[in-house]
> 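Take this structure, written in structure tokens, and hold onto it; I'll ask about it next.
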Amino acid sequence: MPGGDQEPGRYYVGVDVGTGSVRAALVDQRGTLLAFADQAINKWEPQFNHHEQSSEDIWAACCIVTKKVVQGINLNQIRGLGFDATCSLVVLDKQFRPLPVNHEGDSHRNIIMWLDHRAVSQVHRINNTKHSVLQYVGGVMSVEMQAPKLLWLKENLRETCWDKAGHFFDLPDFLSWKATGVTARSLCSLVCKWTYSAEKGWDDSFWKMIGLEDFVSDNYSKIGNQVLPPGASLGNGLTPEAARDLGLPAGIAVSASLIDAHAGGLGVIGTDVRGHGLACEGQPVTSRLAVICGTSSCHMGISKDPIFVPGVWGPYFSAMVPGFWLNEGGQSVTGKLIDHMVQGHAAFPELQAKATARCQSIYAYLNSHLDLIKKAQPVGFLTVDLHVWPDFHGNRSPLADLTLKGMVTGLKLSQDLDDLAILYLATVQAIAFGTRFIIEAMEAAGHSISTLFLCGGLSKNPLFVQMHADITGMPVVLSQEVESVLVGAAILGACASGDFTSVQEAMARMSKVGRVVFPRLEDKRYYDKKYQVFLKLVEHQKEYTAIMKGV
Ligand SMILES: Nc1ncnc2c1ncn2[C@@H]1O[C@H](COP(=O)(O)OP(=O)(O)O)[C@@H](O)[C@H]1O
Ligand SMILES: O=C(CO)[C@H](O)[C@H](O)COP(=O)(O)O
């Protein structure tokens with residue numbers, strides 16, 4: 001038990017709100033997780049492409065998991081608290097009560113989730129303005145960002161939501177407000193999802209041009225006119241009320257938050273790699289790409305000077321590592337896509353029954369099944385005639401085209417467990433090819449990447465990790481702590497407490513290499529050919545669309 005240490009330890013609590021669950025950890029100064037808890041959270045999809053959550057549910061889940069991880073320890077040893085969360089939009093009225101973001105008027109559902117694609121018409125009009133702020137989101141604004149969602153609310157829920165709204169928060173900022181009563185926003189959220197510039201602040205002309213001049217006239221009070229860097233300490237720390245809710249001492253330091261992918265980035269990108277035979281050991285930190293793989297995958301690369309990569313978000317100054325520019329590539333559905341493919345297959349009930357009988361997860365079962373059927377050949381070669389294009393929820397990067405759809409070629413009439421396993425493999429490979437596609441776009445624009453640092457739920461899947469190494473041709477570093485996103489959140493708490501002098505120092509001290517997975521270079525020719533097919537798939541999809549438009 002941590003409280004049994006001879007030396008009184010200094011601990012930090014990290015809270016990570018993902019798409020499917022809320023997690024908390026108690027973390028020490030070396031970045032070791034001493035306790036972990038998680039709790040599933042509700043999601044609603046009232047209609048296709050509308051995804052909603054509840055800020056009250058999420059806060060309640062944060063309280064449950066936090067109380068669990070600090071059970072039995074001396075609370076005086078907890079020095080700081082940090083939050084990260086998905087970049088979802090929370091809407092509250094002037095008295096900070098939830099407002100409905102839906103036609104049903106259900107105010108419990110007051111969050112438009114990041115993967116919600118309701119604002120297609122709005123984002124189309126925003127992109128047609130060609131406003132200069134768009135240069136800083138890869139040239140094209142994503143429907144997953146906040147400006148189109150705000151415009152949707154104004155145009156569709158004027159009376160029930162828009163006119164009553166007092167506060168629009170990114171979910172990470174909602175959590176830090178709940179904990180401290182401070183409404184200051186994190187630079188991370190505002191720069192990455194709201195068009196704020198770390199150097200120039202808000203651009204009035206953008207909001208006026210898109211029809212949201214309301215924010216300009218009230219000096220941005222509803223979306224944030226006080227901005228703090230992630231890791232900065234907020235107000236007087238944890239309020240007595242939040243302290244009761246969370247089971248923590250009042251007054252402990254609470255940090256300005258991060259978006260979840262960015263917390264994962266902090267948790268892995270600054271690791272000391274000495275002694276692992278990695279090329280990046282002798283290279284600057286800008287040669288590393290952090291890939292945070294959960295429901296979605298986010299590809300976080302940093303640079304000393306701004307790099308403009310078409311179709312890749314950013315460059316964002318100081319949004320993740322202070323003093324560095326960030327480019328963020330992404331795939332909107334990765335974990336969600338694998339779950340979708342597997343669960344939708346006719347052999348899924350058989351898979352579930354067999355995995356349960358062996359007390360294995362369905363993915364561990366599928367991986368061992370693939371090992372059985374591959375015989376003498378490398379497992380990846382099982383998909384020689386089955387190819388997947390993974391954009392079932394549009395392409396975030398590098399094509400920035402939300403109209404793209406998923407594709408599968410090579411289907412047969414059989415639908416047994418072998419077919420399911422091979423389709424699962426082809427999907428995992430397609431996601432890895434998507435990562436290669438993003439890396440190539442980043443390198444063409446000036447990044448020079450040699451090593452991947454993977455974290456998030458999918459990094460627990462050895463097949464997913466090996467395919468990323470083989471298909472990109474780069475070594476993949478996995479952290480000692482599998483829950484690296486929580487280490488990132490704890491780094492924030494540690495910085496806010498003043499125990500480290502900088503985010504960089506905390507990153508270097510609190511993240512550690514666990515395992516390195518090297519690419520099997522002997523398979524390269526096969527994956528190069530499959531990559532050629534991968535690129536052809538999207539080319540063909542565009543041709544089909546053009547043919548049908550000509551009808
Ligand atoms: N042990 C595991 N093996 C394989 N896949 C896993 C494992 N754990 C989680 N996943 C996958 O990771 C995804 C969720 O990752 P997570 O980081 O928890 O997501 P989020 O942060 O979006 O809630 C899911 O698609 C899930 O199937
Ligand atoms: O846009 C993002 C980060 O900028 C993420 O995709 C979003 O926050 C969801 O994350 P996750 O897949 O971990 O739930």
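Order of appearance sets the numbers: ligands from 1, and atoms from 1 within every ligand. Computed over heavy atoms, backbone and side chain alike; hydrogens, waters and symmetry mates excluded.
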> For Gln429 and Thr383, which I'm curious about, is there any donor-acceptor pair between the side chains at under 3.5 Å?
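Their side chains do contain a donor-acceptor pair, which is all the 3.5 Å distance test asks for.
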> Tell me whether the centres of the aromatic rings in Trp389 and Phe534 are closer together than 6.0 Å.
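That pair passes the under 6.0 Å test.
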> Below a 4.0 angstrom heavy-atom separation, can you tell me which part of Glu483, side chain or backbone, both or neither, approaches ligand 1?
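None of Glu483 does.
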> Suppose we call two aromatic rings close when their centres sit under 6.0 Å apart. Are Tyr136 and Phe308 close by that rule?
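Yes: the rings meet the under 6.0 Å criterion.
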> At a 4.0 Å threshold, what atoms of ligand 1 neighbour a non-hydrogen atom of Gly20?
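Ligand 1 atoms under the 4.0 Å threshold to Gly20: 23 (O).
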> Can you list the atoms of ligand 1 that are under 4.0 Å from a heavy atom of Gly335?
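Listed by number with element, the hits are 25 (O).
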> Between Thr86 and ligand 2, which residue portion shows a heavy-atom distance shorter than 4.0 Å: side chain, backbone, both, or neither?
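Looking at Thr86 and ligand 2, atoms from backbone and side chain both fall under 4.0 Å.
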> Does NZ or CZ of Lys304 come closer than 6.0 Å to the centre of the six-membered ring of Phe324, within 45° of the ring's axis?
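That pair qualifies as a cation-pi contact.
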> Can you say whether the rings of His369 and Tyr365 are parallel (under 30°), tilted (30 to 60°) or perpendicular (over 60°)?
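His369 and Tyr365: parallel rings.
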> I would like to know whether Trp114 and Thr19 meet side chain to side chain donor-acceptor pair (under 3.5 Å); could you show each step before the answer?
CA-CA 9 Å; Trp114 62 273; Thr19 299; 2.9 Å; yes
> Among all protein heavy atoms, pick out the one at the shortest distance from atom 18 (O) of ligand 1; state its residue, atom name and that distance to 0.1 Å.
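Ranked first by proximity to atom 18 (O) of ligand 1 is Arg23 NH1, 3.0 Å.
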> Run the salt-bridge test on Arg23 and Glu483 with the 4.0 Å N-O cut-off and return the result as yes or no.
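A salt bridge is absent here (no side-chain N lies under 4.0 Å from a carboxylate O).
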> Within the 4.5 Å heavy-atom criterion, are Tyr196 and Arg185 side-chain neighbours or not?
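Counting from C-beta outward, Tyr196 and Arg185 never come under 4.5 Å.
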> Phe83 versus Val254: any side-chain heavy-atom pair under 4.5 Å?
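Of all side-chain heavy-atom pairs linking Val254 with Phe83, at least one is under 4.5 Å.
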> Would Arg396 count as a contact residue for ligand 2, given that I'm defining contact as a non-hydrogen atom of the residue lying under 4.0 Å from a ligand atom?
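For ligand 2, residue contact (heavy atoms, under 4.0 Å) with Arg396 is present.
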> Going by heavy-atom distance to atom 3 (N) of ligand 1, choose the closest among Leu463, Ile362, Asn461.
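Closest candidate by heavy-atom distance is Asn461.
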> Would you indicate which of Ser459, Gly457, Cys293 comes nearest to atom 7 (C) of ligand 1 when only heavy atoms are counted?
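Going through Ser459, Gly457, Cys293 one by one, Gly457 has the nearest heavy atom to atom 7 (C) of ligand 1.
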> For a quick test of reading the model, state the closest non-hydrogen atom pair linking Leu370 to Val379 and the distance between them.
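Here Leu370 and Val379 meet closest at CB-CG2, 3.7 Å.
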> Could a heavy atom of Asp339 be found less than 4.0 Å from some atom of ligand 1?
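Distance cut 4.0 Å: Asp339 passes for ligand 1.
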> Within ligand 2, which atoms have a heavy atom of His262 less than 4.0 Å away?
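The atoms of ligand 2 under 4.0 Å from a heavy atom of His262 are 4 (O).
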> Using the six-membered ring wherever Trp is involved, compare the ring planes of His393 and His117 and label them parallel, tilted or perpendicular (cut-offs 30° and 60°).
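The rings of His393 and His117 lie parallel, inter-plane angle below 30°.
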> Would you call the rings of His50 and Trp152 parallel, tilted or perpendicular, taking 30° and 60° as the class edges?
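Rings of His50 and Trp152: perpendicular, as their planes differ by over 60°.
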> Specify the protein heavy atom at minimum distance from atom 14 (O) of ligand 2: its residue, its atom name, and the distance to 0.1 Å.
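Looking only at protein heavy atoms, the one closest to atom 14 (O) of ligand 2 is Thr19 OG1, 2.4 Å.
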> Looking only at protein heavy atoms, which one is nearest to atom 6 (O) of ligand 2, and how far off is it?
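Looking only at protein heavy atoms, the one closest to atom 6 (O) of ligand 2 is Ser296 OG, 2.7 Å.
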> Can Cys87 be said to touch ligand 2, with heavy atoms closer than 4.0 Å?
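Right, Cys87 reaches ligand 2.
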> Is there at least one pair of N or O atoms, one from Lys193 and one from ligand 2, spaced under 3.5 Å apart?
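Yes - when backbone and side-chain N and O of Lys193 are compared with those of ligand 2, one distance drops under 3.5 Å.
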> Side chains of Asp401 and Thr403 only: does a donor on one sit below 3.5 Å from an acceptor on the other?
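Yes, because at least one side-chain N or O of Asp401 sits under 3.5 Å from a partner of the opposite role on Thr403.
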> Do the two ring centres, one from Tyr363 and one from Tyr424, sit under 6.0 Å apart?
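When the ring centroids of Tyr363 and Tyr424 are compared, they turn out to be within the sub-6.0 Å range.
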> Students should be able to answer this: which protein heavy-atom is nearest to atom 8 (O) of ligand 2, and at what distance?
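Protein heavy atom at minimum distance: Asp260 OD1, 2.9 Å.
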> For atom 4 (O) of ligand 2, what is the closest protein heavy atom, and at what distance to 0.1 Å?
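For atom 4 (O) of ligand 2, the nearest protein heavy atom is Glu328 OE2, 2.5 Å.
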> Using distance alone, decide if ligand 2 has a nitrogen or oxygen within less than 3.5 Å of any nitrogen or oxygen in Trp114.
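Looking only at distances, the answer is no, because the N/O contact criterion of under 3.5 Å is not met.
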> Which protein non-hydrogen atom lies closest to atom 2 (C) of ligand 1, naming both residue and atom, and how far is it?
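In this structure, atom 2 (C) of ligand 1 has Lys460 CB, 3.8 Å as its nearest protein heavy atom.
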> Is the shortest N/O to N/O distance between Gly294 and ligand 1 below 3.5 Å?
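No, no N or O pair falls under 3.5 Å.
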> In the protein, what heavy atom is nearest to atom 22 (O) of ligand 1, and what distance, to one decimal place, separates them?
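Heavy-atom neighbour on the protein nearest atom 22 (O) of ligand 1: Thr295 OG1, 2.5 Å.
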> Which part of Cys298 is near ligand 2, with near meaning a heavy atom under 4.0 Å away: side chain, backbone, both or neither?
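The side chain, only.
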> Just which atoms of ligand 1 are under 4.0 Å from any heavy atom in Tyr363?
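So the answer, numbered in order with elements, is 4 (C), 5 (N), 27 (O).
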> Starting from atom 11 (C) of ligand 1, locate the nearest protein heavy atom and write down its residue, its atom name and how far away it is, to 0.1 Å.
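Here the closest protein heavy atom is Leu458 CD2, 3.9 Å.
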